[in-house]
Amino acid sequence: MRQMDRKLKIFLGDLSYINEENRFNLFVPLNIGYIASYAHKMFGNQVEIKLFKDPNELLQKLEEVKPDVLGLSFSYWNTKLNHVVSHKAKELFGNKITTVWGGPSVDTDTSQQIGLFQRFPYVDAFVTNEGELGFSNLIEQRLAEDVQEMWLKPINGIVHLNENELIKGINVGLSLDLSTLDSPYLTGLLDPFLNGQFLPMLQTSRLCPYTCTFCVSGKNKGKLRAFPDQQVIDEVKFITKHFHDKPHLPMHIVDENFGILKRDAALSDFILETSKEFGY
């Protein structure tokens, strides 16, 4: 066991293709914003976190700085980008850097998880389901253990390999109390991405009670949870304030089932009234 005598450097990426053809399909990295927000809350000044959307920016930063942890959001459309960046990180730093992917393309099926490690041997761990708890558990181990020792035992919310054996912690990825998750908008974490290049996203709740087979959430079984009313209201006001002069960049609500909660009708009315008042 050991405690780090410096801040743990963490790079988080929600990578997109940044080009002329894709310029109207770029979104604020709300997902890794939540990951960073929870990590800051749990570890305070023990961690130093930087967020990335542009893969070229991240590759350049890797040439300048060695992060301790590289975490990437894993969706089918950015697999190649994640591949290039993670491969480069391991090429530069080897086992001195911990690489972890999480997101909708991390399957909960054990055989599929084994396949992921076979496809992406430069990834040290995958986070299953929602990422805040699993990623924070991994960071806790990374702060306390030597890099190699941390893989000897299960980490809740994480799957990893130890001598080619799949090690799975307790599945905690759908149990976070959303009242404990600070808004990355209101804490300033997403400020670098509010310059008009990225579309804003709003999440008011998580999970859906239905198990539709065509949906990425169909396998998930858990409790439908909502962010606190006041936090959602403050986020709507914040987004309106920052995008009122950019009406061509619409806000996207990214709940899995917006409208299922009784409060959603009142929230819709509030969004409409705010739009009328501020012109966004």
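Please read these numbers as outputs of a predicted model, since none were measured by experiment.
- Applying the side chain to side chain donor-acceptor pair (under 3.5 Å) definition to pairs two or more places apart or across chains, none involves residues 269-280.
- A donor-acceptor pair is defined here as one N or O able to donate and one able to accept, closer than 3.5 Å; no such pair exists between the side chain of Lys90 and the backbone of Val123.
- The cluster map of Ile, Leu, Val, Met, Phe, Trp and Tyr, joined by side-chain heavy atoms under 4.5 Å apart, puts Leu8 and Leu58 in different clusters.
- When atom types are taken as modelled, the side chain of Asp146 and the backbone of Gln148 share no donor-acceptor pair closer than 3.5 angstrom.
- Side-chain atoms of Lys41 come within 3.5 Å of backbone atoms of Thr180 as a donor-acceptor pair (strictly under, hydrogens ignored).
- Within the 6.0 Å centre-distance limit, the rings of Phe27 and His252 are counted as a close aromatic pair.
- Residues Leu186 and Leu194 are members of one and the same hydrophobic cluster, defined by side-chain heavy-atom contacts under 4.5 angstrom among Ile, Leu, Val, Met, Phe, Trp and Tyr.
- A 4.5 Å side-chain heavy-atom check between Arg206 and Lys223 finds every atom pair outside the cut-off.
- A 4.5 Å side-chain heavy-atom check between Met251 and Ile271 finds at least one atom pair inside the cut-off.
- For the pair Ala39 and Val47, the tightest heavy-atom approach, listed with the atom from each and the gap, is O-CG2, 4.2 Å.
- Checked against salt bridge (Lys or Arg N to Asp or Glu O under 4.0 Å), Glu163 has no partners two or more places apart in sequence or in another chain.
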Quick one, Thr204 with Val254, criterion side-chain contact (heavy atoms from CB on, under 4.5 Å). Give me CA distance, side-chain angles, the key distance, then yes/no. CA-CA 8 Å; Thr204 76; Val254 294; over 6 Å; no
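- Every residue two or more places apart in sequence or in another chain that forms a salt bridge (Lys or Arg N to Asp or Glu O under 4.0 Å) with Glu64 is listed here: Lys61.
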Verdict with reasoning, Met42 to Leu133, per side-chain contact (heavy atoms from CB on, under 4.5 Å): CA-CA 10 Å; Met42 295 299 295; Leu133 288 174; over 6 Å; no
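- In terms of modelled atom types and a separation under 3.5 Å, the side chain of Asn22 and the main chain of Ile18 share no donor-acceptor contact.
- Between Val69 and Phe11 there is no side-chain heavy-atom pair separated by less than 4.5 Å.
- Closest non-hydrogen pair, Pro247 versus Gly279, comes out as CB-O, 4.3 Å.
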Listed pairs under 3.5 Å, donor-acceptor, residues 166-176 side chains, sequence neighbours left out:
| residue | atom | partner | partner atom | Å |
| --- | --- | --- | --- | --- |
| Lys168 | NZ | Thr110 | OG1 | 3.1 |
| Lys168 | NZ | Gln113 | OE1 | 3.3 |
| Asn171 | OD1 | Asn129 | ND2 | 3.4 |
| Asn171 | OD1 | Gly173 | N | 3.4 |
| Ser175 | OG | Val172 | O | 2.8 |

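- Between Pro250 and Leu199, the shortest heavy-atom distance links the atoms CD-CD2, 3.8 Å.
- Here Lys53 contributes atom NZ and Gln197 contributes atom CD; the two are 9.5 Å apart, rounded to the nearest 0.5 Å.
- Atom NZ of Lys66 has more than 12 heavy atoms from other residues, nucleotides or ligands within 6.0 Å.
- Aromatic ring centres of Phe198 and Phe193 lie closer together than 6.0 Å.
- Relative ring orientation between Phe126 and Phe117 is described as perpendicular, the plane-to-plane angle rising above 60° on a 0-90° scale split at 30° and 60°.
- Across all non-hydrogen atoms, the minimal contact from Glu235 to Gln203 is OE1-O, 4.2 Å.
- Pairs engaging residues 251-266 under the salt bridge (charged side-chain N to carboxylate O under 4.0 Å, His left out) rule: Asp229-Arg263 [sequence neighbours left out].
- To the nearest 0.5 Å, atom OG1 of residue Thr99 and atom CG of residue Leu72 are 8.5 Å apart.
- With sequence neighbours left out, Ser75 forms a side chain to side chain donor-acceptor pair (under 3.5 Å) with no residue at all.
- When the side chains of ILVMFWY residues are joined at heavy-atom separations under 4.5 Å, either directly or via intervening members, Val127 and Leu138 end up in a single hydrophobic cluster.
- A heavy-atom distance below 4.5 Å is found between the side chains of Leu15 and Val85.
- Remark: Asp245 engages no residue in a side chain to side chain donor-acceptor pair (under 3.5 Å) (not counting sequence neighbours).
- For the pair Leu70 and Val100, the minimum side-chain heavy-atom distance is 4.5 Å or more.
- To the nearest 0.5 angstrom, Asp124 atom CG is 7.0 Å from Asn95 atom CG.
- Taking the side chain as every heavy atom from C-beta outward, Leu249 and Phe24 never approach each other to under 4.5 Å.
- Nearest heavy-atom pair across Pro67 and Val65 is CD-O, 3.2 Å.
- Hydrophobic clustering (ILVMFWY, side-chain heavy atoms < 4.5 Å, transitive): Val159 and Leu161 are in one cluster.
- Side-chain atoms of Cys208 and Leu224, non-hydrogen and from C-beta on, never get closer than 4.5 Å to each other.
- A side-chain donor-acceptor contact under 3.5 Å links Gln230 and Asp234.
- Summarising the geometry, atom CG belonging to Leu207 is positioned 10.0 Å from atom CG belonging to Asn257; distances are rounded to the nearest 0.5 Å.
- The two atoms that bring Ser179 and Pro228 nearest to each other are CA-CG, 3.8 Å, heavy atoms only.
- Asn78 places no side-chain N or O within 3.5 Å of a backbone atom of Leu81 that could act as its donor or acceptor partner.
- The number of heavy-atom neighbours closer than 6.0 Å to NZ of Lys219, taken from other residues, nucleotides and ligands shown, is above 12.
- Residues Lys7 and Asp68 are not paired through a salt bridge, judged by the lack of any N-O separation under 4.0 Å between the basic side chain and the carboxylate.
- Under the 3.5 Å distance criterion, with hydrogens and angles disregarded, no donor-acceptor pair is assigned to the side chains of Gln231 and Ser183.
- By the 4.0 Å N-to-carboxylate-O rule, Arg142 lies too far from Glu149 to be salt-bridged with it.
- Under the rule for a salt bridge (Lys or Arg N to Asp or Glu O under 4.0 Å), the partners of Glu20 that lie at least two apart in sequence or sit in another chain are Arg23.
- Residue Trp77 belongs to a hydrophobic cluster whose other members are Tyr76, with links defined by side-chain heavy atoms closer than 4.5 Å.
- Applying the side-chain contact (heavy atoms from CB on, under 4.5 Å) test to Glu91 and every residue at least two apart in sequence or in another chain returns His87, Lys88.
- Between the CG atom in Leu178 and the CD atom in Glu130 there is a gap of 6.5 Å [rounded to 0.5 Å].
- With contacts defined as side-chain heavy-atom distances shorter than 4.5 Å, the pair Val232/Phe270 does not qualify.
- Following chains of ILVMFWY side-chain contacts shorter than 4.5 Å, one can reach Phe243 starting from Phe238, so the two form part of one hydrophobic cluster.
- Taking the six-membered ring for Trp, Tyr185 and His242 have ring centres at least 6.0 Å apart.
- Between the side chain of His244 and the backbone N or O of Phe278 there is no donor-acceptor pair closer than 3.5 Å.
- Gln141 CD to Ile158 CD1: the interatomic distance, rounded to the nearest 0.5 Å, is 10.5 Å.
- Taking the salt bridge (Lys or Arg N to Asp or Glu O under 4.0 Å) definition, one finds that Lys241 meets it with nothing, sequence neighbours left out.
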Show the atom names and distances, to 0.1 Å, of all donor-acceptor pairs under 3.5 Å that link a side chain in residues 30-38 to residues at least two apart or in another chain.
| residue | atom | partner | partner atom | Å |
| --- | --- | --- | --- | --- |
| Asn31 | ND2 | Asp14 | OD1 | 3.3 |
| Asn31 | ND2 | Ser73 | OG | 3.1 |
| Ser37 | OG | Asp182 | O | 2.8 |

